[in-house]
Amino acid sequence: QVQLVESGGGSVQAGGSLKLSCVASGVTVSGYCMAWFRQAPGKEREGIAYIDSLRGTTYVDSMKGRFTISRDNAKNTLYLQMASLVPEDSAMYYCAAEITSRCHRSSWSRNRTYTHWGQGTQVAVSS
């Protein structure tokens with residue numbers, strides 16, 4: 001059974017940084033594409049960063065230069081380093097995974113691309 005467990009969320013002041021982690025079990029992440037999504041209250045869940053099995057990355061434009069997605073296959077873990085946080089970054093953050101053969105970069109930010117999801121970790125940024 002595939003499980004994704006996020007951690008690292010919390011409360012931080014604007015301008016601060018956080019590093020989120022997503023530990024996978026029941027799956028070897030090296031064979032998966034993975035992504036980070038977030039959902040703010042009253043808004044749809046949106047894809048913000050993606051990494052494929054070869055560590056190629058893609059970001060939503062507004063995240064470029066502030067967020068960095070990475071993976072450690074030996075630890076079966078996905079990361080999201082977030083810097084220069086602003087209140088608008090406050091949301092529940094989710095990691096997602098899909099087997100590489102079913103991944104398409106053109107659809108990386110769509111919720112339905114991914115079969116496996118974590119339960120989320122909350123990030124709150126105060127001004």
Side-chain angles (χ1 to χ4, degrees):
Q1 183 178 358
V2 178
Q3 274 196 321
L4 302 175
V5 180
E6 302 94 335
S7 63
S11 298
V12 63
Q13 289 192 328
S17 301
L18 283 173
K19 186 174 184 177
L20 306 184
S21 300
C22 171
V23 178
S25 59
V27 63
T28 303
V29 299
S30 60
Y32 284 70
C33 65
M34 302 187 77
W36 286 99
F37 284 71
R38 71 183 186 184
Q39 186 170 23
K43 295 188 176 181
E44 293 186 353
R45 188 163 58 185
E46 60 172 346
I48 58 174
Y50 167 86
I51 187 167
D52 64 25
S53 59
L54 299 178
R55 294 188 171 88
T57 59
T58 302
Y59 299 89
V60 170
D61 284 347
S62 59
M63 309 301 163
K64 290 179 182 178
R66 297 196 303 126
F67 290 9
T68 303
I69 189 171
S70 62
R71 61 195 298 164
D72 185 333
N73 290 340
K75 295 183 178 180
N76 237 24
T77 301
L78 177 73
Y79 300 101
L80 184 69
Q81 178 69 54
M82 306 187 293
S84 302
L85 287 163
V86 296
E88 291 73 24
D89 293 320
S90 299
M92 185 72 80
Y93 284 71
Y94 300 89
C95 66
E98 184 54 66
I99 192 166
T100 294
S101 61
R102 297 176 186 168
C103 297
H104 301 281
R105 187 174 290 272
S106 61
S107 60
W108 75 266
S109 63
R110 298 177 185 172
N111 285 258
R112 63 187 182 192
T113 294
Y114 304 92
T115 301
H116 309 293
W117 292 85
Q119 83 290 346
T121 185
Q122 185 72 47
V123 172
V125 184
S126 58
S127 57

Exercise. Would Y50 and Y59 count as a close aromatic pair, with their ring centres under 6.0 Å?
Worked result: no

Problem set entry | Over 12 foreign heavy atoms within 6.0 Å of CZ, R102 | no

Hydrophobic cluster membership, [X] vs [Y], 4.5 Å side-chain cutoff:
X    : Y    : value
W117 : V123 : yes
M82  : V23  : no
V2   : I99  : yes
V12  : L20  : yes

Work out which heavy atom in [X] is nearest to a heavy atom in [Y]; give both atom names and the distance.
X    : Y    : value
P87  : S126 : CG-C, 4.4 Å
Y114 : A35  : OH-CB, 3.4 Å
A49  : L80  : CB-CD1, 4.2 Å
S127 : A14  : CA-CB, 4.2 Å

Rounded at 0.5 Å granularity, tell me how far [atom1] in [X] sits from [atom2] in [Y].
X    : Y   : atom1 : atom2 : answer
C103 : D52 : SG    : CG    : 8.0 Å
L4   : C95 : CG    : SG    : 4.5 Å
M63  : T58 : CE    : OG1   : 14.0 Å
W36  : Y93 : CH2   : OH    : 10.0 Å
D72  : S30 : CG    : OG    : 11.0 Å
I51  : C33 : CD1   : SG    : 10.5 Å

For this session: Could you tell me whether R71 sits above the aromatic face of Y79, with NZ or CZ closer than 6.0 angstrom to the six-membered ring centre and within 45 degrees of the axis?
Result: no

Problem set entry | Check against side chain to side chain contact (heavy atoms under 4.5 Å, CB included), M92 and R38 | CA-CA 5 Å; M92 185 72 80; R38 71 183 186 184; over 6 Å; no

State whether the side chain of [X] and the backbone N or O of [Y] hold a donor-acceptor pair below 3.5 Å, judged by distance alone.
X    : Y    : result
S107 : T113 : no
S62  : V60  : no
S90  : A124 : no
E6   : Q119 : yes
Q39  : A91  : no
N76  : A24  : yes
R66  : S84  : yes
T100 : S53  : no

Please tell me if the side chains of [X] and [Y] come closer than 4.5 Å, counting only heavy atoms from C-beta onward.
X    : Y   : value
I48  : F67 : yes
L78  : I69 : yes
H116 : Y32 : yes

For this session: Could you go through the side chain to side chain contact (heavy atoms under 4.5 Å, CB included) check for Q81 and S70 one step at a time?
Result: CA-CA 8 Å; Q81 178 69 54; S70 62; over 6 Å; no

Exercise. Can a donor-acceptor pair be found between the side chains of E98 and T115 at a distance below 3.5 Å?
Worked result: yes

